[in-house]
**Student:** 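Please see the structure below; I have some questions.
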Amino acid sequence: MKILKVAALSAVFAAQFAMAQFKQTPLPYAYDALEGSVDAKTMEIHYTKHAAGYVTNLNKAIAGTPQEKQTLVQILSGVSKLSPAVRNNAGGHYNHELFWTILTPEKNTQPSAQLMKAITATFGSMDVLKEKMSKAGADRFGSGWAWLSVDKGGKLFVSSTPNQDNPLMDVVEEKGTPILGIDVWEHAYYLKYQNKRADYLTAIWNIINWKEVSKRYEDALMKK
């Protein structure tokens, strides 16, 4: 009888797993790979607890709804019509999947010539872009994100969103395609920096993966 019960439970879990539409992408580096800017324990907790929770809760929130058959971008584009659980967890999943890729242990990556030209044309210099992004993150009251995005006209802009919102959502004022996002929730930095968010926002630039950001920029332009 016990064997039958275990088998039945295993079948239920297997079915639930099979129905799960969204999954975490494996972290592209070790937890300790970004030490100096992001400590190993923070990265481990951030990835295995916080980000994993968004995926689990998103799949629960869309179970049995039309959103089961939609892409993440499709869900975000119509999120104003959906529940807070879908909005928060879809945003959390998208934002973190982007966040992991735009960080790297590789030193001194550089923007592509095309992206650097756009940064200079829009902001004047890389230093000004960093200042604007860091200010957007520092000024965000409570939890949220700072973004570098491409608008519908192909222009770069800096913005900030609360909680797990992002520029793809139809609920935000400044809409566009994010190419770089900085997480300013306390769980992203508090173990190392405590209340010194500004120090975290300075250190994060040492591990930005400009190769990935450049690729996202060029992909965004292709879709315009």
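All of these numbers come straight from a predicted model, not from anything done at the bench. Start at 1 with the first residue, then count along the sequence.
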**Student:** Could you tell me the separation between the CD1 atom of I179 and the OG atom of S149, rounded to the nearest 0.5 Å?
**Tutor:**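 So the CD1 of I179 and the OG of S149 are separated by 7.0 Å.
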
**Student:** Under 6.0 Å between ring centres: does that hold for W185 and H96?
**Tutor:**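 When the ring centroids of W185 and H96 are compared, they turn out to be at least 6.0 Å apart.
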
**Student:** Any side-chain heavy atom of K211 within less than 4.5 Å of one from T104?
**Tutor:**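 Counting from C-beta outward, K211 and T104 never come under 4.5 Å.
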
**Student:** Does N163 reach the main-chain N or O of D165 with its side chain, forming a donor-acceptor pair under 3.5 Å?
**Tutor:**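 No: the side chain of N163 does not pair with the backbone of D165.
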
**Student:** Looking at Y29 and M43, what are the two nearest heavy atoms and their distance?
**Tutor:** CE1-CE, 4.2 Å

**Student:** Can you see which heavy atom on S37 is nearest to which on A203, and at what distance?
**Tutor:** OG-O, 3.0 Å

**Student:** When you compare the side chain of P162 with that of R140, does any pair of heavy atoms fall below 4.5 Å?
**Tutor:** yes

**Student:** Considering non-hydrogen atoms only, spot the tightest contact between A146 and A136 and give its length.
**Tutor:** CB-CB, 4.1 Å

**Student:** Evaluate M133 against V158 for side chain to side chain contact (heavy atoms under 4.5 Å, CB included), listing each step before the verdict.
**Tutor:** CA-CA 6 Å; M133 284 285 292; V158 169; 4.0 Å; yes

**Student:** Mind checking whether L180 and F157 sit in one hydrophobic cluster, side chains of I, L, V, M, F, W, Y counted as touching below 4.5 Å?
**Tutor:**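 In one cluster with L180: F157, no.
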
**Student:** For E35 and A40, indicate whether the former's side chain and the latter's backbone hold a donor-acceptor pair under 3.5 Å.
**Tutor:** yes

**Student:** Side-chain contact test, heavy atoms from C-beta onward, threshold under 4.5 Å: evaluate it for I75 versus Y94 and give yes or no.
**Tutor:**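 No, their side chains stay 4.5 Å or more apart.
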
**Student:** Say whether, by atom type as modelled, one donor and one acceptor occur between the side chain of T42 and the main chain of Y189 under 3.5 angstrom.
**Tutor:**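 A pair under 3.5 Å: no.
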
**Student:** Compare every heavy atom of S214 with every heavy atom of P111, then report the nearest pair and how far apart it is.
**Tutor:** CA-OG, 3.4 Å

**Student:** Please work out which of the three classes, parallel, tilted or perpendicular, describes the rings of H187 and H50, given edges at 30° and 60°.
**Tutor:**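 Parallel: the ring planes of H50 and H187 meet at under 30°.
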
**Student:** Working to the nearest 0.5 Å, report the span between CG of L72 and OG of S77.
**Tutor:**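 Going from CG on L72 over to OG on S77, the span is 10.0 Å.
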
**Student:** With no hydrogens and no angle check, is any side-chain donor or acceptor of E212 less than 3.5 Å from a backbone partner on W100?
**Tutor:**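 No; judged by distance alone, with no hydrogens or angles, the pair does not exist.
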
**Student:** Using the ring pair (Phe, Tyr, Trp, His ring centres under 6.0 Å) rule, collect all pairs that involve residues 121-142, keeping only residues at least two apart or in two chains.
**Tutor:** none

**Student:** Is V150 close to L156 at the side-chain level, that is, under 4.5 Å between some pair of heavy atoms?
**Tutor:**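 L156 reaches V150 side chain to side chain.
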
**Student:** Do the side chain of Q24 and the main chain of V55 share a donor and acceptor less than 3.5 angstrom apart?
**Tutor:**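 Between the backbone of V55 and the side chain of Q24 there is no qualifying donor-acceptor contact (under 3.5 Å).
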
**Student:** Determine the interplanar angle of the W210 and W205 rings, folded into 0 to 90°, and report it as parallel if under 30°, tilted if 30 to 60°, perpendicular if over 60°.
**Tutor:** parallel

**Student:** When you measure from the side chain of N89 to the backbone of T56, do you find a donor-acceptor pair of N or O atoms at a distance under 3.5 Å?
**Tutor:** no

**Student:** In sequence, state the C-alpha distance, the side-chain angles, and the governing distance for T122 and K155, and then conclude on side chain to side chain contact (heavy atoms under 4.5 Å, CB included).
**Tutor:** CA-CA 8 Å; T122 305; K155 302 295 185 181; 5.6 Å; no

**Student:** For a 4.5 angstrom cut-off between non-hydrogen side-chain atoms, does T161 reach M169?
**Tutor:**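 A side-chain contact is absent here, since even the closest heavy-atom pair is not under 4.5 Å.
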
**Student:** Can you tell me which residue pairs pass the salt bridge (charged side-chain N to carboxylate O under 4.0 Å, His left out) test with a partner in residues 112-139, sequence neighbours excluded?
**Tutor:** K135-D139

**Student:** Checking D199 side chain against Y193 main chain: does a donor-acceptor pair fall under 3.5 Å?
**Tutor:**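 The answer is no, because no donor-acceptor pair under 3.5 Å joins these two groups.
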
**Student:** Honestly curious: do Y31 and I102 fall in one hydrophobic cluster under the side-chain, below-4.5 Å linking rule?
**Tutor:**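 Yes, one cluster joins them.
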
**Student:** Answer with yes or no whether the hydrophobic clustering places L27 together with L191; edges join I, L, V, M, F, W, Y residues whose side-chain heavy atoms lie under 4.5 Å apart.
**Tutor:**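 No, separate clusters.
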
**Student:** Give the minimum heavy-atom separation between I62 and V86, together with the two atoms involved.
**Tutor:**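 Scanning both residues completely, I find the closest heavy atoms to be CG2-CG2, 4.1 Å.
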
**Student:** Tell me if a side-chain donor or acceptor on D170 pairs with a main-chain N or O of S80 at a distance below 3.5 Å.
**Tutor:** yes

**Student:** Would K223 and D219 satisfy salt bridge (charged side-chain N to carboxylate O under 4.0 Å, His left out), going step by step from the backbone distance to the final call?
**Tutor:** CA-CA 7 Å; K223 296 174 183 177; D219 288 346; over 6 Å; no

**Student:** Is it the case that atom NZ in K175 sees more than 12 heavy atoms from other parts of the structure closer than 6.0 Å?
**Tutor:** yes

**Student:** Drop me the distance from I207's CD1 to E106's CD, to the nearest 0.5 angstrom.
**Tutor:** 13.0 Å

**Student:** Rounded to the nearest 0.5 Å, what's the gap from CG on L148 to CG on L115? Could you check?
**Tutor:**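 The CG atom of L148 sits 7.0 Å away from the CG atom of L115.
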
**Student:** Between K215 and E218, does the salt bridge (charged side-chain N to carboxylate O under 4.0 Å, His left out) criterion hold? Intermediate values first, please.
**Tutor:** CA-CA 5 Å; K215 178 180 180 299; E218 287 150 18; over 6 Å; no

**Student:** According to the interplanar angle, ranging from 0 to 90°, do the rings of W145 and W147 count as parallel (below 30°), tilted (30 to 60°) or perpendicular (above 60°)?
**Tutor:**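 W145 vs W147 ring planes: parallel.
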
**Student:** Grab the two heavy atoms, one from R216 and one from T101, that are nearest each other, plus how far apart they are.
**Tutor:** NH2-OG1, 3.1 Å

**Student:** What's the separation between atom CG in N166 and atom CG in L76, rounded to the nearest 0.5 Å?
**Tutor:**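 Between N166 CG and L76 CG, I get 5.0 Å after rounding to 0.5 Å.
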
**Student:** Does S134 reach the main-chain N or O of A198 with its side chain, forming a donor-acceptor pair under 3.5 Å?
**Tutor:**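 No, S134 side chain to A198 backbone: no donor-acceptor pair under 3.5 Å.
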
**Student:** With distance as the sole criterion, is a donor-acceptor pair present between the side chains of Q114 and S112 under 3.5 Å?
**Tutor:**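 Side chains of Q114 and S112: no pair found under 3.5 Å.
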
**Student:** So, does Q67 use its side chain to make a donor-acceptor pair with the main chain of A61 at under 3.5 Å?
**Tutor:** no

**Student:** Rounded to the nearest 0.5 Å, what separates atom CG in L168 from atom CD in Q74?
**Tutor:** 12.0 Å

**Student:** Should Y200 and I45 be counted in the same cluster of Ile, Leu, Val, Met, Phe, Trp and Tyr side chains packed under 4.5 Å apart?
**Tutor:**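 They do not share one cluster, since no chain of ILVMFWY contacts under 4.5 Å joins Y200 to I45.
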
